[in-house]
Number of protein chains: 2
Amino acid sequence: MRLVIATCSVDYSGRLTAHLPMAPRLLMVKADGSVLIHADGGSYKPLNWMSPPCKLVVDDDIWSVTNKAGEELRITLKEIHSDTAYELGTDPGLIKDGVEAHLQELLAEHVQTFGEGFTLVRREYPTAIGPVDLLCRDADGKHVAVEIKRRGEIDGVEQLTRYVELLNRDPLLAPVRGIFAAQLIKPQAQFLATDRGLECVTVDYDLLRGMESDVLRLF
Amino acid sequence: MRLVIATCSVDYSGRLTAHLPMAPRLLMVKADGSVLIHADGGSYKPLNWMSPPCKLVVDDDIWSVTNKAGEELRITLKEIHSDTAYELGTDPGLIKDGVEAHLQELLAEHVQTFGEGFTLVRREYPTAIGPVDLLCRDADGKHVAVEIKRRGEIDGVEQLTRYVELLNRDPLLAPVRGIFAAQLIKPQAQFLATDRGLECVTVDYDLLRGMESDVLRLF
DNA sequence: TTATAAATGTCGTCC
DNA sequence: GGACGACGTTTATAA
């Protein structure tokens, strides 16, 4: 990794065109040739960048970074304040502990969240257009398809609509109702879901987790 | 901006929990206190980070970065290979061109792009499921909803479908047709749009911008 | 402050 | 390589 502190201007031409006036910044050149231009503030997103795979060509005080798609990042250097390089090696990588998968797991074990007498048919119930998060039966034995999101937005309602429509074509399952479950459901999604005849359930993740703890505490 | 090359392990605890095993990495500490941890590869996204506003507390070989929401980024340092700091000042910022807002602006002023005799009713026409980019009337005075994208993909067609369906329920507006306008329309989006009875218009951004220049040149 | 849509989104996964 | 969905999405903008 090469780190250059330099006063520079930058022009990007690709999916859009963008320009950075002359100012002091950090240029980070990674081992794969990618380049990031950071200011001393903002967030983790660089002011400008070129993602790998790409190629850096240095011609005097002009750096030109290009990729296969014909995008170009052109850096014009006025003054270099520092220029250092380090060998870091490949990173072992990040270990994550997920959230959404866990939410589905918890709800699968507590389908009564959706109503008295609910039972689980199966998780990830397969269909031609992808798996339904949960397929349940209500107290009357009727099928219910459940789509689970952390945040309920319009896309999720569309997804559930497609599932319910498809499942209702199966005479062994029909009639199938749909429940849209999320930690937070946005007003527009709520409107669309209601308009489509789908029910909305707001899920309390911490409460569910608490129920899980209670179950564990019994042993 | 402080740049530290160090062998470290990292633990994040907040919206999820994540862990980075001990390895050499770049730690970037910005003037606002935010911290980025970069490996020598990947893209512009750091392996881990804390966004401002946040506070960094250094206790010997443990760095703890916390924010108001109670999230914590804990960095355990084993060995520091380099530690430097620079004063960059505030950045003048990025100037962008070619974004969707500008495209909408240009099309709003040149609705005849969609057909002879087109007039604009209004931009961002409000509905219960969100604003329609452009609502126009054609030469016959019939309403036309226009959805504008930089790149026309399936989700944009879905969006327009919803708008047209909703607008057609309003007897004051019906019948409403839909036009899907984009700089580039993907074949799948084109197919779906046609299947839904929506028209597709490919927009030449540079041409539109040229027309704008022509108008300006008259003054 | 809150909510909503765009993003040079990025990133994984599946096909 | 393309399509699809999640993301500690982040970011900008309007209400």
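In what follows, chains are A, B, ... by sequence order, proteins preceding strands, each numbered from 1.
Looking at heavy-atom distances under 4.0 Å, A:Arg162 makes contact with sugar-phosphate atoms alone, never a base. Contacts of A:Pro187 with the nucleic acid, taken as non-hydrogen atoms under 4.0 Å apart, involve only primed sugar atoms and P, OP1 or OP2. In this structure, A:Gln188 reaches the sugar-phosphate backbone alone: every heavy-atom distance under 4.0 Å involves primed, P, OP1 or OP2 atoms, never a base.
Residue A:Phe191 holds its CZ atom at 15.0 Å from CD1 of A:Ile185, rounded to the nearest 0.5 Å. Rounding to the nearest 0.5 Å places NZ of B:Lys30 at 10.0 Å from OG of B:Ser51.
Here D:dG5 presents its C1' atom at 14 Å from CD of A:Gln104, a figure rounded to the nearest Å. Rounded to a whole Å, the CD1 atom of B:Ile148 is 11 Å from the P atom of C:dA6. At whole-Å resolution of the value, NZ in B:Lys68 and P in C:dT1 are 9 Å apart. If you measure from atom CG of A:Leu47 to atom P of D:dT10, you get 18 Å, rounded to the nearest angstrom. Here C:dT4 presents its C1' atom at 15 Å from CG of B:Asp155, a figure rounded to the nearest Å. Spacing between atom CG of B:Leu94 and atom C1' of C:dA6 amounts to 15 Å, rounded to whole angstrom units. Atom pair B:Glu147:CD and C:dA6:C1' shows a separation of 11 Å (rounding to whole Å applied). Spacing between atom NZ of A:Lys186 and atom P of C:dT2 amounts to 13 Å, rounded to whole angstrom units.
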Task: Chi angles and distances behind the side-chain hydrogen bond (donor to acceptor under 3.5 Å, both in side chains) call for B:Glu124, B:Gln104 - done: CA-CA 10 Å; B:Glu124 302 286 346; B:Gln104 189 192 108; 3.1 Å; yes
Open item on the list: Walk me through whether B:Glu158 and B:Arg196 qualify under side-chain contact (heavy atoms from CB on, under 4.5 Å).
Closed with: CA-CA 9 Å; B:Glu158 296 283 14; B:Arg196 297 264 175 86; 3.3 Å; yes
TODO: Show your working on salt bridge (Lys or Arg N to Asp or Glu O under 4.0 Å) between B:Lys149 and B:Glu147 and close with a plain yes or no.
DONE: CA-CA 7 Å; B:Lys149 293 284 178 210; B:Glu147 176 65 32; 3.5 Å; yes
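Each of B:Asn67 and A:Gln159 was matched to the nucleotide of DNA chain D holding its nearest heavy atom; the match closer to the 5' end belongs to A:Gln159. Heavy-atom nearest nucleotides on DNA chain D were determined for B:Glu71 and for B:Ile154, and the one closer to the 5' end corresponds to B:Ile154.
Between B:Asp83 and B:Arg2 there is a salt bridge, since at least one side-chain N of the basic residue sits less than 4.0 Å from a carboxylate O of the acidic one.
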Tabulate protein N/O versus nucleotide N/O from nucleotides 11-15 of chain C, keeping only pairs under 3.5 Å, one per line.
{"residue": "C:dC11", "atom": "OP1", "partner": "B:Ser43", "partner atom": "OG", "Å": "2.3"}
{"residue": "C:dC11", "atom": "OP2", "partner": "B:Ser43", "partner atom": "OG", "Å": "2.8"}

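Side-chain contact between A:Ser9 and A:Leu20: absent, with no pair of heavy atoms (C-beta onward) separated by less than 4.5 Å. Side-chain atoms of A:Glu71 and A:Thr66, non-hydrogen and from C-beta on, never get closer than 4.5 Å to each other. With a 4.5 Å cut-off on side-chain heavy atoms, A:Val4 and A:Ile80 count as touching. A:Leu56 has its side chain out of reach of A:Leu73: every pair of non-hydrogen atoms, C-beta onward, lies at least 4.5 Å apart.
For the pair B:Arg15 and D:dT10, the criterion of a side-chain N or O lying under 4.0 Å from OP1 or OP2 is met. OP1 or OP2 of D:dT9 lies within a sub-4.0 Å distance of a side-chain N or O belonging to A:Arg151. Residue A:Trp49 has a polar side-chain atom (N or O) positioned under 4.0 Å from OP1 or OP2 of C:dT10.
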TODO: Both distances under 3.5 Å, Watson-Crick or G-U wobble: on that basis, could you give the dot-bracket string for DNA chain D, with [ ] for crossing pairs and | for other-strand partners?
DONE: |||||||.|||||||
